[in-house]
Amino acid sequence: MTVRMLIVDDEPELLEVMGEVLAELGHEVITVPTASRALEVLAHTPIDVLIADVVMPGIDGPTLVRQARVCSPSTAAVLVSGQVTEAADEAERAGAFFLAKPFKVSALVEVLERALARRHLPTRDG
Amino acid sequence: MTPRPKARVLLVDDRQENLLAMKAVLEGVADELVLASSGVEALRHLLDHDFAAVLLDVVMPGMDGFETATLIHQRERSRHTPIIFLTAIGTTRDEVARGYQAGCVDYLLKPFVPGILRSKVEVFVELFRLRADLQDRLEREAELNAALAQKNETLMRSEAEQRRLGAALQARNDELQAMSRQLWHAAKLAAVGELAASLAHEINNPLATVSLRVEMLLAKEPAGTPTSHALRVVAQEVERMSRLVMSLLQFSRQAPPELTEVELRGEVAATLELVQHHLRKVGIHVTQEIEPGLPPLRADRQKLRQVFLNLLTNAADATPRDGRITVRIRGRADGSAHIVEIEDTGCGIPPEALPRVTEAFFTTKPEGKGTGLGLSICRRILREHGGTLEITSEVGRGTRVTLILPVVAQPAADESTTTTAEGAVAP
């Protein structure tokens, strides 16, 4: 099954390599450097999983996830961050899965699977 | 200064002409010449005044000269008043002896030579004046001495007061300095926390890129090639850096305890891994004596790691090269708690410092090396787990920190209920 993913990170190098990794795994990947660009994409394109950095200039990751849930309720969300402890709590509050940077490809795959699995369950917000 | 007393001379004779003759001869010698015609009258004058000398006729009707002299010298006030006897020529040796016995100091024979009488009386008047001067000087000196003593006492008192004030000032100053040191340490610690957080962000982002890049390259490289080996080493080192940043973050973080199932053996091992490079570098050996098969306990993993890291760092700081740190973990006989001991062969803690080592900001480490917060954080964490932290130490032999961790954490309800437990710093 091809999954369409939207990756948002203000670190271009990381954004690029994440895109490459997920593309090699056979997914369709869109990468954008800011949350506002991500929201534009979400408005026009169906996205299965949103992968966003927590700390970004402008709109941050958790805010993006909350807005995404409004404009695209079927999109699952994964937040990634180098600021492990606080970011994990924030991700949880935003209803997203969390992945601490740096991570292995296997960890990324695993968290994406869990996020996609949740997406098929009825949402808590109803 | 008291006014100089008058130098008076008392002339005693029953014959008026004698008195007048003496008065004429002695005119101007003394300040005042007092005349008396009998022993009784002489004594009356002596009640009123002190005299430089008494010229006393021996042969008088009624009370004679001897009798009068005896009475004069019996009185305290005139005990030392010089008496000159006036006697007629032909006085016997016995009479002279009697006179001296009665206290006379000199004899004058009648009829007297005016010059001799005058010069003798002059001597006594001079003596009287000298004595008066001396007396006056002594009195003044005594006054001065008293004043001096008083001044001295005042000075000493103000000096003592000054010393006391000085000491109080010094104490305040010390207190202030200690406070500013504490503030500096606290600020430093807060800065470390902030630094750790931003460091984590700044380092983890590039680490994530490197890690993913290396993994992608590794996936394309056949196993066993030199490139593959090199990539594995890079991956390993990236992981190590990531762990380091993680520990730094955990160390500087303060949050309510999150209780999970924790195996102490694993936590101690993880913490040791963090410091083992340092321990190896400074030549400290580590021994672990861990009771096998201990069940996990409910505790905050990160916080326990923080405790172990703190205690191991303290032990390492106190222990010289070739010293040893021993970590023991065992279960309490009734299974209610786990006991962790961290023992070093270091310099030990002086007995006077021991009761204070778990106070916040108290440190025995050199300036700049310790924050004085390590043990107080440990104690707080143990308290959060319903446990205790005890320290025994012997200077020159080493220190042992004993942690008692209940298997089921029972966070203390309030401060007061835990004071006895946490105050259990063994002598």
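Order of the sequence lines sets the chain letters (A, B, ...), proteins ahead of strands, with each chain counted from 1.
- Looking at Glu11(A), the atoms closer than 4.5 Å to chain B (heavy atoms on both sides) all sit in the side chain, from C-beta outward.
- Using a 4.5 Å heavy-atom cutoff, the side chains of Met216(B) and Val17(A) are in contact.
- Nearest heavy-atom pair across Pro102(A) and Ser211(B) is CB-CB, 4.3 Å.
- When heavy atoms are compared at a cutoff of 4.5 Å, Glu16(A) approaches chain B by way of both its backbone and its side chain.
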task: Walk me through it: do Leu14(A) and Leu212(B) pass the test side-chain contact (heavy atoms from CB on, under 4.5 Å)?
output: CA-CA 8 Å; Leu14(A) 186 57; Leu212(B) 288 176; 4.1 Å; yes
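- Taken from CD in Glu13(A) to CZ in Arg213(B), the straight-line distance is 7.5 Å, to the nearest 0.5 Å.
- Heavy-atom contacts from other residues, nucleotides or ligands closer than 6.0 Å to CZ of Arg37(A) number 12 or fewer.
- The contact between Glu239(B) and chain A is made entirely by side chain atoms (from C-beta outward), counting heavy-atom distances below 4.5 Å.
- Across all their heavy atoms, Gly82(A) and Asn204(B) have their closest contact at O-ND2, 2.8 Å.
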